[in-house]
Protein chains: 2
Amino acid sequence: MNIGEIARRAGVSRSTVSYALSGKRPVSEDTRRRIQEVVDELGYQPSASARALANGRTSTIGLVFPPAGNHYTGMQLDFIGSVVEAAAAYDYDVLLSPSGVDSDRSFQRLLGERRVDGAILMEIRLRDDRLDHLAAVDFPSVAIGRTAHPEGSWWVGLDHTELVQRCVHHLADLGHRRVAFVNRPQQLLRAGYESAQRGLDGFTKAAAERGLTVRTYCCGDDAASGQACVQRILHDDPATTALVTLNEAALGGLYRGLAQADRLVPRDFSVTGVVAGRWAETVTPQLTAADVPAAEMGRLAVELLVERLDQPGARPRHHLLVPPISLRASTGPAGVPPGPDLGPATTP
Amino acid sequence: MNIGEIARRAGVSRSTVSYALSGKRPVSEDTRRRIQEVVDELGYQPSASARALANGRTSTIGLVFPPAGNHYTGMQLDFIGSVVEAAAAYDYDVLLSPSGVDSDRSFQRLLGERRVDGAILMEIRLRDDRLDHLAAVDFPSVAIGRTAHPEGSWWVGLDHTELVQRCVHHLADLGHRRVAFVNRPQQLLRAGYESAQRGLDGFTKAAAERGLTVRTYCCGDDAASGQACVQRILHDDPATTALVTLNEAALGGLYRGLAQADRLVPRDFSVTGVVAGRWAETVTPQLTAADVPAAEMGRLAVELLVERLDQPGARPRHHLLVPPISLRASTGPAGVPPGPDLGPATTP
DNA sequence: TTGAAAGCGGTACCAT
DNA sequence: ATGGTACCGCTTTCAA
């Protein structure tokens, strides 16, 4: 059933039906009601494809996120959920595109075939060819994350440098002198993932400022890797008393590694980092962390994109978020670290 | 730029360009190459909307999942990821639709406006109006989950009843006599969520078979609720020595509640259930559980849907999965439960 | 206030 | 092997 059918049954022309439905031209109350009746009776809904073809807008936004394999993290889930929800509020649908790079088939389809009006990108790299490409063709998009040179572009990001610095200062204030940093997987760091790179920067800088003895580690996005990472940390420097992490997926494994090494959190060992709030609360003791406001970021990204779509030519806008550290239960004053085989340290 | 532009530059007709690109009609090697050159030079890609309008197919599948609010679980994330990935392999894009019911705007758009060729539904209820609707209008879809009467429909599901029964038998075999069941939130149970209902059935049945003393609980989808739930359990019957859960999101909280009550897992208290593998491994000790093969289920759902789309009229197919219980570290023989204030039980 | 008709950008049938 | 053209279903301009 199509608009012609409605028109015929209502005894009017197709254009009148179109206008009656869109309200873009006045229609007499009489005919409008007659049309509405037919529409209701037949449950007519205009075809999205035809409409998209005619007016050049799909009412769909693309959400570009990295292909799996790299396991997804809870944070990504929160982003996806909030983007979809926020988009629905503006009557946009969301098309998912698993694309790591510019040249991915899925990414090319999204743009080249004009399946979406605009795009939101996740998992930004400091140099990101997807964003370069989008900027080059002036395609409306908003990044969740910030490149090395975000000037003049649309994004909503987190100040990872600052957040990790705060974590380090928090630990230093508690008296910790030997601290480890547990980053995302090496391959992501190498690829220039923003959070991994900026987080590492912040860690290094703050550690130097406070004169801490530190080591940095890359860690796979899963529990087993986290557990192994803690073993390495304690092997490399058994006197380590705290760690900072960005690696949400490894968190459970980090805790397990510590338990296995008989380091009680937070008495013998403190843990903190940057993690989405819901996930920080699933571990015991609950993680003191800068909570990634994933839901808010997703919502803001959609708002920016909608604004950009509604007002082509609008000046680029962005949001840089710096959520506070939520003090929970995983950090405490540094005790005397246990020597090998001497059992847990005694807290003064 | 459109197909007419290509045709003009290549000095052929529009139809020839179309055929050259689709291969649906032989084209002389000469002209084909000339066309390809122009296409490459201009980076031409046909418009998805126009193509969809012309041939009635969108090359998009809809993924219908419940709106947030109900927090998302890790399992849902795994479903989404695997569906997107599998769909990409068949050159389908995935459109996300957050719809709890039939009448949701988003759901209506998906169908009524013909945005997608088919749909995959998550979070099935035993009586599910979305599926009824889809069946009524004969819309190609596959459910991840199984209604009360799944005969003659397409789905890939998990035998929750059987899985939970096995969990109970596993505990009974270990000597546990007083066991609790931690279900999904009450509101979902009431709504008839398949896993919640069938899981409960299995629990009740197996418990009766083994003559166990049991209580069943509903629990919110978050850590705090899990923690509170354990408190209730131990308050209601301090002699409880084990629990079975379906509630992945509460798992961390369940562990915390037990730790707080000084029940050491698995020495004093055993925990098991039905949970996606990755998440079972994030807790310490790692959860002995029937691992939900979320990735496989998503992939199978896409395969079924693609089959259904390619062969309209094909006989309904389904997959009922019964993954084995992975023995990890959270269950052990029942000890003598501790009386109040007597400290942990002594294991013989 | 309403209708007729020209697109939007492809596909595929009917000719040649 | 190729070209011409009707058509997919809706929007919007132009006319009445």
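First the proteins, then the strands, lettered A, B, ... as listed; each starts at 1.
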Can you tell me how far CG of Asp91(B) sits from OG1 of Thr60(B), rounded to the nearest 0.5 angstrom? 11.0 Å
Could you state the atom-to-atom distance from CZ of Arg115(A) to C1' of dG9(C) in whole Å? 14 Å
Would you compute the distance between atom CZ of Arg57(A) and atom CZ of Arg51(A) and round it to the nearest 0.5 angstrom? 12.0 Å
Quick one: pull up OG1 in Thr73(B) and CG in Leu77(A) and give me the separation to the nearest 0.5 Å. 7.5 Å
Whether Trp155(B) and His318(B) hold their rings parallel, tilted or perpendicular, with breakpoints at 30° and 60°: parallel
Classify Val17(A) by what it touches in the nucleic acid, base, sugar-phosphate, or nothing, heavy-atom distance under 4.0 Å. nothing
Quick check: are there more than 12 heavy atoms from other residues, nucleotides or ligands sitting under 6.0 Å from CZ of Arg105(A)? no
For the helix from dT1(C)-dA16(D) to dT16(C)-dA1(D), what angle separates the axis at the start from the axis at the finish, each from five pairs, in steps of 10°? 40°
Salt bridge Arg317(A)-Glu307(A), side-chain N to carboxylate O under 4.0 Å: yes
Any salt bridge linking Arg8(A) with Glu5(A)? Criterion: basic side-chain nitrogen under 4.0 Å from a carboxylate oxygen. yes
Output yes when Asp104(B) and Arg109(B) qualify as a salt bridge under the 4.0 Å nitrogen-oxygen rule, no when they do not. no
Nucleotide-resolved protein contact map, nucleotides 9-16 of chain D, B/S/- at heavy-atom distance under 4.0 Å: BBBBBB--
